[in-house]
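Take a look at the structure set out below.
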Amino acid sequence: PPPLPKRREASLRMAGGRLLGQRGWRGAPALLLAVGCCLLWCAGAATPRFGPNVPADGATFVVTPGQAFHGLMNLEAFDDDSNNTAAGTLVISQDSSVGSFRPVSISRSIYVGADPGAEPDCPSGLAVAADPDVAAKCRYYCPETPAPVGTDQTLRCGRWPANMPAGDLGSFSYRYTNVGGVSYSNRTTFSYTLVDDGLWTRGLAIANPTRRVCVHLASVDNLGHYQSNGAILPNTKRCWNLLFRAAPFLASCQYDLTLPRVPCALDLFPKEPQDNPVVKVAVGQTMTARVYFDKVAPEDEVTIALLADPGLPNGASIGPTVNTTQVASTNPAGLVRFLHSREITFTPTEQHAIAPVPGSPAGLTFRLCFGATSVGGGMSASVDPKVCTSIQVVRPEPKINLEVSCPGCGGNALETHGFTAVVRCPYRWMMTMWEGKDFDMAFDATFETLDSGAQVGYTHGQYAPIAMVDEANPLPEGAVLSKPTMYKACRDSPVMGPPFDTDCPLSLQRNVYTQMIEWTPRRGSENKEFKICFKLQGAQNIDPMIVAPEVKCSTVRVHKCKVCTLPGDTMESLAKEYRTDWLQLWGANVMVENPTNLDGYGAMTIGPTYTVSKESEPLHIVAGVYGMSLDDLYEVNPDLHAVRDAAASAGQQVHLRQGQDVCVVPPVCKGSPLGAV
């Protein structure tokens, strides 16, 4: 045949590995040669391709640290022609932008760069990298606890910490395929080998520590030009995930909308690591929580153990180790979180709530310690050191805001510990009560979960503080304690009495309870002392011997010679009731403008008060001095009725003691000798 153009000569060299017509060419029939030339001349442009023994793109291999990995050995790739380029050879190279970096954790389907790498095409700031190759290249990994960023984003992944070891990065090699002593530059066998000592995985506490290995296929012509398009041609790049088997580590079950999963339970451990975590479990409530451990290999068997010392508190139970794996079907790498857990149930009794130290606000504290062992791949890995948490039994913490007022006498606040009252005035003790832990935002944040905001061992609204009558100090006659009324209030708002602030999400609203004692001193209670007492109990279903109720009292002394007006009262009606003249009564209350309308004036003065200065003074002498009969004197001094009755039984006259107050209403405006004067 005629000489081939140089370009077709290169094609033949690429296709056969040896140029036709050189040594080894023995001559052939013209027809065979013509057919071969036609086939080579007419061949369409093909691209480099992987052999059938090459694992699919995205395949995941489990690597056991300390053991050699041979999962990517003697793989083949081809280039059937030179893509209409000048003569060249097939080049297979490890993706230098991806495979030579540290491992990553790609247990999520979205990658967010917290600290972009030095590479120019790494996402910066909060840019999202949906491509796992970019995530691997830029060394992004997913921490156990996402941190909130803004209002609707979550920081899912961050840069691999510089101080975190990466282990052996492995090695990549390839050679041209040799058949019968002939080396073919368009057929390549390549391998990736890894011999990891496993030291770097000890104590590694990230989900799915993964190395991503990638290769590209391309052609290089005889001028050294790299024949790969700006965009990687289809099927010319494959990446594989090397998932490192590590010891189980303490983890948490978190909501991730991309992961169809077993619903998360409450964690026995807080979301944020703490040196000595303490779970507060309320007496009378049931704690149902799980301890979670994460591992990296689906076929591994995990056992979570509760250490016998110190063991479980009396009455608590623990379930078996169960698989609560979260499947990440939308994850580009097809990875999952292999979570295992055990459930602990504990309902503290009233005996658990007894304070170990008198005056302590909490009950007993129990310590729980766990370990986990993963067995698989010819190795066994255990958590070391063991992880521990404490359970502290807490009692109700009732809080109260008490306000005392007299709505019918100006409504001003009165001293809660005691005051002087006036007959016929309505007094009100308004109690606003709430459970302290319900409004403790620090307590909320410690063990709050991403699922529902619920707490481990404590449920909001279960404790309902209530005021009860103190049997040791019964309420005076006519006093009434109302039933509690429940309201809602934002947990970060001041609880001072209705109306309450409810301008917050329902999840942040807490129960508030109000009760009141109403009492109006009646005529006959003048100059007497009363105690208005009640007991503040944290919950009705808790034994008061365990949670002693707080007793609160107000000491009230009823004033003499004063009376509260009622709607419709006039000076004349009051004067008739107290056996005096309305003009005299009006004169004693000069602030009243209209004697026929006393609404809104509150307490009125009936007359002056006489204080006995002598050691003893007969009552009839005092009555004579002020021109009053004994009956009139007893009428405005009902506290003297008992003294009168006792003196009559003994056949004696009534004597007043030194310092005793007596209400006197002299007949100034009546037709008596004193009135004439």
Side-chain angles (χ1 to χ4, degrees), residues 404-412 414 419-428 476-480 518-530 532 556-612 619-620 622-644 656 660-677:
V404 183
S405 63
C406 178
C409 43
N412 295 327
L414 302 171
F419 56 91
T420 301
V422 177
V423 295
R424 298 210 307 180
C425 281
Y427 294 95
R428 177 181 298 166
E477 183 181 0
V480 177
E518 293 182 300
W519 178 55
T520 300
R522 300 174 181 177
R523 284 204 62 188
S525 61
E526 292 91 339
N527 205 39
K528 293 181 180 179
E529 188 173 273
F530 299 89
I532 308 295
V556 181
R557 190 174 192 86
V558 182
H559 208 293
K560 276 191 172 187
C561 280
K562 286 185 178 294
V563 63
C564 253
T565 60
L566 300 177
D569 279 344
T570 64
M571 285 294 182
E572 186 174 5
S573 65
L574 284 180
K576 289 180 179 180
E577 184 176 347
Y578 284 91
R579 298 184 181 183
T580 184
D581 188 273
W582 71 271
L583 287 173
Q584 180 176 334
L585 192 59
W586 192 13
N589 297 275
V590 295
M591 71 288 190
V592 176
E593 296 181 358
N594 184 353
T596 63
N597 183 7
L598 304 183
D599 292 348
Y601 285 104
M604 308 288 289
T605 299
I606 301 300
T609 301
Y610 168 71
T611 302
V612 178
L619 183 61
H620 69 278
V622 175
V625 169
Y626 288 95
M628 298 177 64
S629 66
L630 286 175
D631 289 341
D632 289 343
L633 199 59
Y634 284 127
E635 182 67 26
V636 293
N637 292 277
D639 57 311
L640 298 179
H641 292 178
V643 179
R644 177 194 61 191
L656 302 175
Q660 190 170 356
D661 291 332
V662 181
C663 178
V664 293
V665 185
V668 176
C669 297
K670 288 186 178 181
S672 64
L674 187 59
V677 173

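Remember, predicted model here, so these are calculated numbers, not experimental data.
Taking all atoms of both residues into account, the shortest heavy-atom contact from Pro666 to Pro608 is CD-CD, 4.4 Å. Closest of all the heavy-atom pairs between Val662 and Leu656 is CG2-CD1, 3.4 Å. In plain terms, the two heavy atoms of Ala421 and Tyr427 that are nearest each other are CA-OH, 3.2 Å. Considering all non-hydrogen atoms of both residues, Trp519 and Val556 come closest at CZ3-CG1, 3.9 Å. A pairwise comparison of heavy atoms in Ala623 and Leu633 identifies CB-CD2, 3.9 Å as the closest pair. Closest approach of Pro521 and Ser525 over heavy atoms only: CB-OG, 3.7 Å.
No donor-acceptor contact under 3.5 angstrom links the side chains of Thr609 and Lys560, judged on distance only. Neither side chain, Ser629 nor Asp631, offers a donor N or O lying under 3.5 Å from an acceptor on the other.
Enclosure of atom CD in Glu529 by more than 12 non-hydrogen atoms of other residues, nucleotides or ligands within 6.0 angstrom is indicated. The local environment of CD in Glu577 is crowded, with over 12 non-hydrogen atoms from other residues, nucleotides or ligands closer than 6.0 Å.
Distance check: Phe419 CZ to Arg557 CZ gives 13.5 Å after rounding to the nearest 0.5 Å. Once rounded to the nearest 0.5 Å, the distance linking CG of Leu619 with CE of Met628 reads 9.5 Å. Distance CZ/Arg522 to CZ/Arg424: 13.0 Å, rounded to 0.5 Å. Interatomic distance, Asp639 CG to Asn527 CG, rounded to the nearest 0.5 Å: 4.5 Å.
In this structure, Arg523 forms a cation-pi arrangement with Tyr578, its terminal cationic atom sitting closer than 6.0 Å to the ring centre and no more than 45° off the ring axis.
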For Glu526 and Val423, what are the C-alpha separation, side-chain angles and deciding distance, and is it a side-chain contact (heavy atoms from CB on, under 4.5 Å)? CA-CA 7 Å; Glu526 292 91 339; Val423 295; 3.7 Å; yes
Using the side-chain contact (heavy atoms from CB on, under 4.5 Å) rule, take Gln660 and Leu640 through it: C-alpha gap first, then chi angles, then the decisive distance, then the call. CA-CA 11 Å; Gln660 190 170 356; Leu640 298 179; 3.4 Å; yes
Derivation and outcome, side chain to side chain donor-acceptor pair (under 3.5 Å), residues Asp661 and Thr611: CA-CA 4 Å; Asp661 291 332; Thr611 302; 2.7 Å; yes
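The aromatic rings of His641 and Tyr634 stand perpendicular to each other, their planes meeting at an angle above 60°, with 30° marking the opposite boundary.
The side-chain heavy atoms of Trp586 and Leu574, taken from C-beta on, include no pair separated by under 4.5 Å. With contacts defined as side-chain heavy-atom distances shorter than 4.5 Å, the pair Leu585/Met604 does not qualify. Val592 places a side-chain heavy atom less than 4.5 Å from the side chain of Met571. With a 4.5 Å cut-off on side-chain heavy atoms, Asp581 and Pro667 do not count as touching.
When each of Asp569, Thr605, Ile606 is paired with Val563, the side chain to side chain contact (heavy atoms under 4.5 Å, CB included) condition holds for Ile606 and for no other.
Panel note: side chain Asn594, backbone Thr596; a donor-acceptor pair is recorded below 3.5 Å.
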